[in-house]
Novice: 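Shown below is the structure under consideration.
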Amino acid sequence: MFQTEQSAVEQQILSYFKKNNLPIETVQWNWIPFSGHWGISTSFFQAAALEARSGKGGNVGARANEMAAEVAAELKQNGQPPAGFERVEAVKGYLNLYFSTFSFASRVVGTVLTDGKQYGINQKVNQRVMVEFSQPNTHKAFHVGHLRNVILGNAVCNILTSAGYDVVRANYIGDIGLHVIKWLWNYLTYHKGEQPGEDRYRWMTDLYTEADRRYNDDPEAEPQVRALFARWDARDPELVNLWEQTRQWSLEGFAQIYKTLNVPFDHYYYESEVEESGKEFVERMIKMGIARDERPDGAVIVPLDDLAGTKEKYRVLVVLRSDGTSLYSTKDLPLAVKKFEMFHLDRSVYVIDVRQSLYMQQIYKTLDLMGYDFAKKCYHLAYEIVNLPGNVTMSSRDGTVVLLEDLINEATARALKIVEEKNPDLSLEDKQAVARMVALGGIKYSMLSRDNTKIVTFDWETALTFEGQAAPYIQYAFVRANSILRKANQQIPDEKPVEFELSPQEIQLIDLISRFSHEIARAAAEYKPMLIANYSFTLAQAFNDFYNTCPVLSAEEPARSFRLRLTAAARQVISNSLALLGIDSPEVM
């Protein structure tokens, strides 16, 4: 925001280094800790140490302070600080430059109001990143446990895009495998010819739970399922037709879920597309000596620890069953190659359950041993499970699941009661629309506000509270700002010189607004939406403090105009930060 002024100072510092024969080509800036003023600081200890190593000797600390003082003197023209700065000082080897409080405040607010929804977006970094997330299995339930993957992946994509990356949103659908064969076996054995009712997705989910129970309870089931798997491998027409029809029912259900959550994808991969190429890939691994073929008595394996010279680190990766049927690994390996060939990626991020950490290491190491340099560009973004209250782990197999549709309906019903209490004068249509935004916001924020490596136990009161760290609290801050501006007829005053003393609440709010771009870059570097979730909550708190202590509409000029502009800027950044998390900001509540 003050890049021009900062660059001018940098050039003078670099000229000073050159004049003193110091090989330093960049200036490292730090943000001065908040103290009622805004500023930047740089250290001269590296320069002093370089000078000492060149033989000039002297005390490094004293010389660093001397250098900082010399540069501070050079920066001042006729005793005045450089343009855009209020004060320049040398303190204990550091050069501190403080921005003009009023210039900083006006520029921050003005930039937000000019940039609008684009505020916080960083310059392009010319790197393409694929984020593979969601990865649902057809013929199975899409429940709250799967929801964390979708919400996390979507937020990471939003943040990376805002940080300047070229992001490819990929979804890898598990449309074949043992779970699908089980479902088809159960259907053909016990439900042949049946058609689902109106709720096809729920019907398919119930049949999967039943299939898994029958498979575990019936000793005759496993050989029957294996025989059916062999028919699939032979592409039996009857089986393929049934698979295509039932697969489509699942895909339609997924599409509706993504529409409800407002989660887009750029490219879909399907397990069935890489099944045959996966088997060919395994044959190539065998010829290379990477895989060991122990069929028919055993499987095809990759003895990773033996090949890598490690002990109990990577263990053994099975890449094909003894009967020649495929596994996840059979398909994940060629899919990784396909991704890099198709999109020329600089990074491939896999959003996958933390329980698959060893497996992901095995995949990356296998690719590395096969000579694929891109293996080092693959990253596993692990996340923990979501539990029901009482620490019940959700599972499609035993039916201990909360389906997404049921969760959203319950959340919306609860949110509607709250909206009716807060604003009974709203029309029913508006109440329902707001309740939906609050419900989805509460669900998403509860998944994103905890570190993705921590278990989440879903709790209604925590997710939908207006008092603590939750989406409704942040959304309500947006609504409060909107209410002030609505009373001012949405007329945002033009910028005027700010020449009055800012309150601590105003300074704190402006300070947080100014840091949004930095927080985006940090969250992108660490793949942590939690940082944006925390930021949005802190920003909402700061706005509420401002709202409760600083009159806006009743203030005298020029405070009134500035505070209206600050309110509009806060409203925009609250909305922008929620949008990164995939959360909508209702106009009223």
Side-chain angles (χ1 to χ4, degrees), residues 131-159 169-174 201-202 204-205 208-209 250-265 350-356 381-389 391-415 436-460 462-464 470-472 527 529-530 532-533 578 580-584:
V131 181
E132 180 201 299
F133 66 106
S134 189
Q135 309 118 335
N137 290 321
T138 61
H139 303 77
K140 286 176 99 171
F142 196 120
H143 56 63
V144 179
H146 299 130
L147 193 57
R148 191 176 194 184
N149 185 310
V150 182
I151 292 169
L152 175 62
N154 183 56
V156 167
C157 288
N158 292 341
I159 291 165
R169 295 163 162 267
N171 196 347
Y172 179 39
I173 307 288
Y201 187 68
R202 189 178 297 271
M204 291 190 68
T205 297
Y208 177 78
T209 303
S250 278
L251 295 179
E252 288 169 2
F254 296 159
Q256 184 57 50
I257 288 168
Y258 298 136
K259 182 180 179 181
T260 299
L261 295 174
N262 192 24
V263 175
F265 289 96
Y350 294 73
V351 183
I352 294 178
D353 189 330
V354 69
R355 291 171 291 186
Q356 300 300 318
L381 178 56
Y383 67 91
E384 261 290 2
I385 59 174
V386 176
N387 283 343
L388 297 168
N391 283 326
V392 177
T393 301
M394 277 173 278
S395 168
S396 301
R397 294 179 177 180
D398 57 23
T400 56
V401 300
V402 174
L403 295 182
L404 178 64
E405 181 184 0
D406 295 336
L407 180 78
I408 293 174
N409 288 341
E410 176 69 15
T412 303
R414 289 172 180 254
R436 186 95 167 164
M437 287 189 225
V438 171
L440 287 170
I443 292 167
K444 291 178 179 181
Y445 193 87
S446 68
M447 305 272 179
L448 295 171
S449 56
R450 282 183 66 82
D451 190 296
N452 40 280
T453 60
K454 304 292 185 185
I455 293 173
V456 168
T457 297
F458 189 79
D459 175 64
W460 289 113
T462 303
L464 297 177
Y527 301 111
M530 182 185 72
I532 299 299
L578 286 175
L580 289 178
L581 304 176
I583 298 173
D584 292 325

Novice: Would you kindly say whether N154 and R169 are connected by a side-chain donor-acceptor distance under 3.5 Å?
Specialist: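 Yes, because at least one side-chain N or O of N154 sits under 3.5 Å from a partner of the opposite role on R169.
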Novice: Are side-chain heavy atoms of N452 and L381 found at a separation under 4.5 Å?
Specialist: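 Of all side-chain heavy-atom pairs linking L381 with N452, at least one is under 4.5 Å.
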Novice: Do N171 and Q135 meet the criterion of a side-chain donor-acceptor pair at a distance under 3.5 Å?
Specialist: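 Judged by distance alone, the side chains do not pair up.
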Novice: If only atom types and distance count, is the side chain of N262 paired as donor or acceptor with the main-chain N or O of G582 below 3.5 Å?
Specialist: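 No, N262 side chain to G582 backbone: no donor-acceptor pair under 3.5 Å.
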Novice: Any side-chain to backbone donor/acceptor pair from T462 onto D459? Under 3.5 Å, distance only.
Specialist: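 Not at all, since once roles are kept as given, no pair shorter than 3.5 Å links the two residues.
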Novice: So E252 and Y201, do their side chains get closer than 4.5 Å, heavy atoms only?
Specialist: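 Counting from C-beta outward, Y201 and E252 never come under 4.5 Å.
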Novice: Can you confirm whether L147 sits close enough to K444 that some side-chain heavy atom of one is under 4.5 Å from a side-chain heavy atom of the other?
Specialist: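 Counting from C-beta outward, L147 and K444 never come under 4.5 Å.
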Novice: Are side-chain heavy atoms of E384 and K454 found at a separation under 4.5 Å?
Specialist: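 No; the side chains remain at least 4.5 Å from each other.
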Novice: Please round to the nearest 0.5 Å and tell me the distance separating atom CG of L404 and atom CD of Q256.
Specialist: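 Nearest 0.5 Å value for the CG-CD distance: 10.0 Å.
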Novice: Before accepting this row, confirm whether a basic side-chain N of the pair D406/R202 lies closer than 4.0 Å to the acidic partner's carboxylate O.
Specialist: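 Judged by the 4.0 Å cut-off on N to carboxylate O distance, D406 and R202 do form a salt bridge.
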Novice: Are the side chains of S134 and F142 in contact, using a 4.5 Å heavy-atom criterion?
Specialist: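 They are in contact (side-chain heavy atoms under 4.5 Å apart), so the answer is yes.
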Novice: Please round to the nearest 0.5 Å and tell me the distance separating atom CG of L440 and atom CG of L261.
Specialist: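 Rounded to the nearest 0.5 Å, the CG-CG separation comes to 6.5 Å.
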Novice: Determine the interplanar angle of the Y258 and F254 rings, folded into 0 to 90°, and report it as parallel if under 30°, tilted if 30 to 60°, perpendicular if over 60°.
Specialist: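 Rings of Y258 and F254: tilted, as their planes differ by 30° to 60°.
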Novice: State the CG-CD1 distance between N158 and I532, to the nearest 0.5 angstrom.
Specialist: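 Between N158 CG and I532 CD1, I get 10.5 Å after rounding to 0.5 Å.
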Novice: Heavy atoms only: give me the nearest P472-A463 pair and the separation to one decimal.
Specialist: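 Between these two residues, the closest heavy atoms are CD-O, 3.5 Å.
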Novice: For residues P529 and I159, determine if any side-chain heavy atom of one lies less than 4.5 Å from a side-chain heavy atom of the other.
Specialist: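 Yes, at least one pair of side-chain atoms sits under 4.5 Å.
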Novice: Just so I know, are the side chains of I173 and L251 near enough to count as touching, which here means a heavy-atom distance under 4.5 Å?
Specialist: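 Side chain of I173 against side chain of L251, heavy atoms only: contact under 4.5 Å found.
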Novice: Kindly state whether the ring of F265 and the ring of F133 have centres lying under 6.0 angstrom apart.
Specialist: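 That pair passes the under 6.0 Å test.
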Novice: Do L152 and M447 make a side-chain contact, defined as non-hydrogen atoms from C-beta onward lying under 4.5 Å apart?
Specialist: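 A side-chain contact under 4.5 Å is absent here.
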Novice: Mind running side-chain contact (heavy atoms from CB on, under 4.5 Å) on I151 and V263 for me, showing each step along the way?
Specialist: CA-CA 8 Å; I151 292 169; V263 175; over 6 Å; no
Novice: Distance from I408 atom CD1 to R436 atom CZ, nearest 0.5 Å?
Specialist: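 Separation between the atoms: 5.5 Å.
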Novice: Mind checking the OG1-NE2 spacing from T205 to H139? Nearest 0.5 Å is all I need.
Specialist: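 The NE2 atom of H139 is 11.0 Å from OG1 of T205, to the nearest 0.5 Å.
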Novice: Checking the side chain of H146 only, and the main-chain atoms of N137 only, is there a donor and an acceptor separated by less than 3.5 Å?
Specialist: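 Here the side-chain-to-backbone pair does not exist.
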Novice: Do you know which two heavy atoms are closest between G153 and V351, and how far apart they sit?
Specialist: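 Here G153 and V351 meet closest at CA-CG2, 4.2 Å.
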Novice: Find the distance between CG (D451) and CE (M530) and round it off to the nearest 0.5 Å.
Specialist: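 It is 4.5 Å, given to the nearest 0.5 Å.
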Novice: Evaluate the criterion side-chain contact (heavy atoms from CB on, under 4.5 Å) for residue pair V456 and R148; output intermediate values, then yes/no.
Specialist: CA-CA 9 Å; V456 168; R148 191 176 194 184; 3.4 Å; yes
Novice: Assess the residue pair V354 and T453 against the criterion (side-chain contact (heavy atoms from CB on, under 4.5 Å)); give the C-alpha distance rounded to whole Å, side-chain angles, the decisive distance to 0.1 Å, and a yes or no.
Specialist: CA-CA 7 Å; V354 69; T453 60; 5.7 Å; no
Novice: Minimum heavy-atom separation for A471 to G442, with atom names?
Specialist: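 Taking A471 first and G442 second, the nearest heavy atoms are CB-N, 3.8 Å.
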Novice: Ignoring hydrogens, what is the shortest heavy-atom contact between A411 and I443? Give both atom names and the distance.
Specialist: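 Shortest heavy-atom contact: CB-CD1, 3.9 Å.
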Novice: Side chains of N149 and Y383: is there a donor and an acceptor less than 3.5 Å apart?
Specialist: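 A pair is found: one side chain offers a donor N or O, the other an acceptor, under 3.5 Å apart.
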